[in-house]
*Asks:* 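Sharing a structure, written as structure tokens. Questions coming.
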Amino acid sequence: MASGHRAQWKGFLKFSEVSCGVALYTAASTSERITFHTINRLTGNRVNRVFIDAETEDPVPKEAQTKGFEIENGRYIIVDPEEVAATIPESNKTLEIEAFIPCSDVDDVYFDKPYYLTPDKMGGDAFAALRDGMKKSKVAAIARTVLFRRMRTVLIRPHGKGLIATTLNYDYEVRSSAKAFEEMPKMKIAGEMLDLAKHIISTKKGAFDPATFDDRYEAAVAELVKAKIEGKALPKRKEVKVSKPNDLLAALRESAGMMKAAESKPKRTAANANAGAGRDKARRASGKSTAAPAAQRKAS
């Protein structure tokens with residue numbers, strides 16, 4: 001992995017009688033998000049969290065704090081952290097593959113967190129053989145091991161030059177979709193309404209490119225922090241335009257009409273398109289950047 005990334009876990013990946021050293025690296029992180037501290041508005045000082053007794057309201061120091069399981073309202077059994085630690089399965093640092101399955105077999109509602117799985121310097125050949133074999137066979141692997149003090153089930157899939165390992169939620173952790181949808185009335189859409197919906201969908205087909213989706217909340221907060229630092233007027237919220245038609249069929253007709261109108265517009269010539277792109281580039285080069293500097297992204 002690139003410099004600066006620290007492995008979250010190191011161990012061995014074992015399939016049948018073959019094993020190779022591997023490392024897990026976090027694939028998704030929220031560390032780049034803007035974060036805030038709680039501040040005393042009167043003094044400007046940072047506020048510290050203090051635990052207090054729910055009955056006496058006296059502060060409770062860290063050495064006096066322990067864990068408890070509520071057996072009924074207001075009654076707890078004490079469970080010491082050492083007792084919890086003793087129940088954790090012992091790790092053998094081996095991610096053992098139990099089965100190879102079709103990639104589509106696991107509903108993504110079970111997906112928890114993704115990690116990049118890379119080989120160490122000595123296990124490259126075995127790692128590559130497994131990766132390429134899975135690619136050719138179009139399968140994923142189910143493996144189990146102790147990760148972060150819990151026995152975890154992991155879905156392993158080929159990903160670029162390496163593998164991606166996604167921890168899976170247990171069945172008891174996933175809520176029933178039947179219960180979520182049980183109060184929905186049975187509806188069957190047909191005729192013009194269905195045809196209009198299909199037309200709108202066909203005109204909006206595309207491909208998923210995560211680079212095209214910006215975090216508007218994060219950008220807005222960055223703009224707010226930058227304005228506060230520079231003493232400028234705060235950005236104003238843009239008004240949201242609410243569509244007027246209340247009738248679903250009328251709204252579908254209007255949407256379909258707009259799609260057809262857009263399709264019938266003549267496309268720009270290559271020369272005009274290049275000229276427009278040149279003007280946009282010139283405007284960007286001459287304008288000031290609106291992004292907050294990296295050093296200003298963390299608000300204290």
Side-chain angles (χ1 to χ4, degrees), residues 1 5-16 19-33 35-38 46-99 101 105-120 123 140-157 163-180:
M1 286 292 290
H5 287 77
R6 186 172 62 87
Q8 298 295 303
W9 179 89
K10 287 186 177 182
F12 298 91
L13 178 61
K14 187 174 187 293
F15 54 107
S16 190
S19 62
C20 59
V22 292
L24 280 178
Y25 294 86
T26 303
S29 172
T30 59
S31 63
E32 293 301 312
R33 291 180 182 174
T35 57
F36 294 100
H37 299 296
T38 303
R46 185 171 172 178
V47 174
N48 292 324
R49 182 182 286 112
V50 177
F51 288 90
I52 63 170
D53 188 292
E55 296 295 330
T56 67
E57 298 187 354
D58 295 328
V60 181
K62 188 173 182 180
E63 60 271 16
Q65 297 172 19
T66 188
K67 302 292 183 182
F69 179 82
E70 190 171 26
I71 53 177
E72 60 181 77
N73 189 25
R75 288 189 61 210
Y76 303 87
I77 55 169
I78 302 300
V79 182
D80 290 327
E82 294 78 11
E83 293 175 314
V84 175
T87 66
I88 297 170
E90 189 173 339
S91 173
N92 62 0
K93 290 290 185 178
T94 301
L95 193 58
E96 186 161 0
I97 294 176
E98 296 184 352
I101 62 173
D105 265 15
V106 181
D107 191 323
D108 56 12
V109 73
Y110 287 92
F111 287 7
D112 179 31
K113 292 182 180 179
Y115 296 89
Y116 293 126
L117 190 60
T118 66
D120 67 9
I142 292 288
R144 284 167 60 84
T145 193
V146 175
L147 288 177
F148 320 124
R149 301 191 300 172
R150 284 192 66 192
M151 178 62 75
R152 301 303 304 258
T153 304
V154 179
L155 180 71
I156 300 173
R157 294 166 291 166
L163 298 170
I164 192 163
T166 304
T167 53
L168 299 179
N169 294 315
Y170 285 105
D171 191 51
Y172 74 88
E173 296 175 308
V174 175
R175 294 180 176 177
S176 167
S177 60
K179 289 184 178 179

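The structure presented is a predicted model; accordingly, all values stated were derived computationally and were not measured.
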*Asks:* Measuring from Glu98:CD to Ile142:CD1, what's the distance to the nearest 0.5 Å?
*Replies:*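 If we round to the nearest 0.5 Å, Glu98:CD and Ile142:CD1 are 8.5 Å apart.
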
*Asks:* Could you pull out the closest heavy-atom pair between Pro61 and Pro59, with the gap in Å?
*Replies:* CD-O, 3.8 Å

*Asks:* I need the minimum non-hydrogen distance between Thr145 and Thr94, along with the two atoms involved.
*Replies:*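 Reported closest heavy-atom pair: OG1-O, 2.8 Å.
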
*Asks:* Quick check: do Phe111 and Val106 have side-chain heavy atoms less than 4.5 Å from each other?
*Replies:* yes

*Asks:* Will you find, in the side chains of Thr38 and Arg49, an N or O donor that is under 3.5 Å from an N or O acceptor?
*Replies:*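 Looking only at side-chain atoms, Arg49 and Thr38 do not form any donor-acceptor pair under 3.5 Å.
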
*Asks:* Taking the side chain as every heavy atom from C-beta outward, state whether Thr153 and Tyr110 have any pair of such atoms under 4.5 Å apart.
*Replies:*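 Side-chain contact under 4.5 Å: no.
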
*Asks:* To the nearest 0.5 angstrom, please state how far the OG1 atom of Thr66 sits from the CD atom of Glu83.
*Replies:* 8.0 Å

*Asks:* Can you measure from CZ (Phe148) to NZ (Lys113) and round to the nearest 0.5 angstrom?
*Replies:*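 Separation between the atoms: 8.0 Å.
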
*Asks:* More than 12 foreign heavy atoms under 6.0 Å from NZ of Lys14: is that the case here?
*Replies:* yes

*Asks:* Taking the side chain as C-beta and beyond, is there a heavy-atom pair between Phe12 and Glu96 under 4.5 Å?
*Replies:*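 Not in contact.
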
*Asks:* Please tell me if the side chains of Ile52 and Asp58 come closer than 4.5 Å, counting only heavy atoms from C-beta onward.
*Replies:*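 In short, these two side chains do not touch, never coming nearer than 4.5 Å.
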
*Asks:* For a 4.5 angstrom cut-off between non-hydrogen side-chain atoms, does Arg152 reach Asp112?
*Replies:*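 A side-chain contact under 4.5 Å exists here.
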
*Asks:* Are side-chain heavy atoms of Tyr115 and Thr26 found at a separation under 4.5 Å?
*Replies:* yes

*Asks:* So how far is it from Leu163 CG to Leu155 CG, rounded to the nearest 0.5 Å?
*Replies:*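 One gets 11.0 Å once the value is rounded to the nearest 0.5 Å.
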
*Asks:* Can you tell me if Glu70 has over 12 outside heavy atoms packed within less than 6.0 Å of its CD?
*Replies:* yes

*Asks:* Look at atom CD of Gln65 and say whether more than 12 heavy atoms of other residues, nucleotides or ligands are closer to it than 6.0 Å.
*Replies:* yes

*Asks:* Which distance, rounded to the nearest 0.5 Å, do you find between the CG of Leu117 and the CG of Leu13?
*Replies:* 6.0 Å

*Asks:* Taking atom OG of Ser19 and atom CG of Leu95, what is their separation to the nearest 0.5 Å?
*Replies:* 11.5 Å

*Asks:* Working note: Tyr116 + Ile164, criterion side-chain contact (heavy atoms from CB on, under 4.5 Å); need CA distance, chi angles, decisive distance, verdict.
*Replies:* CA-CA 5 Å; Tyr116 293 126; Ile164 192 163; 4.2 Å; yes

*Asks:* Using a 4.5 Å cut-off on heavy atoms from C-beta on, say whether the side chain of Asp107 contacts that of Val174.
*Replies:* no

*Asks:* Side-chain contact test, heavy atoms from C-beta onward, threshold under 4.5 Å: evaluate it for Asp120 versus Lys10 and give yes or no.
*Replies:*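 Side chain of Asp120 against side chain of Lys10, heavy atoms only: no contact under 4.5 Å found.
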
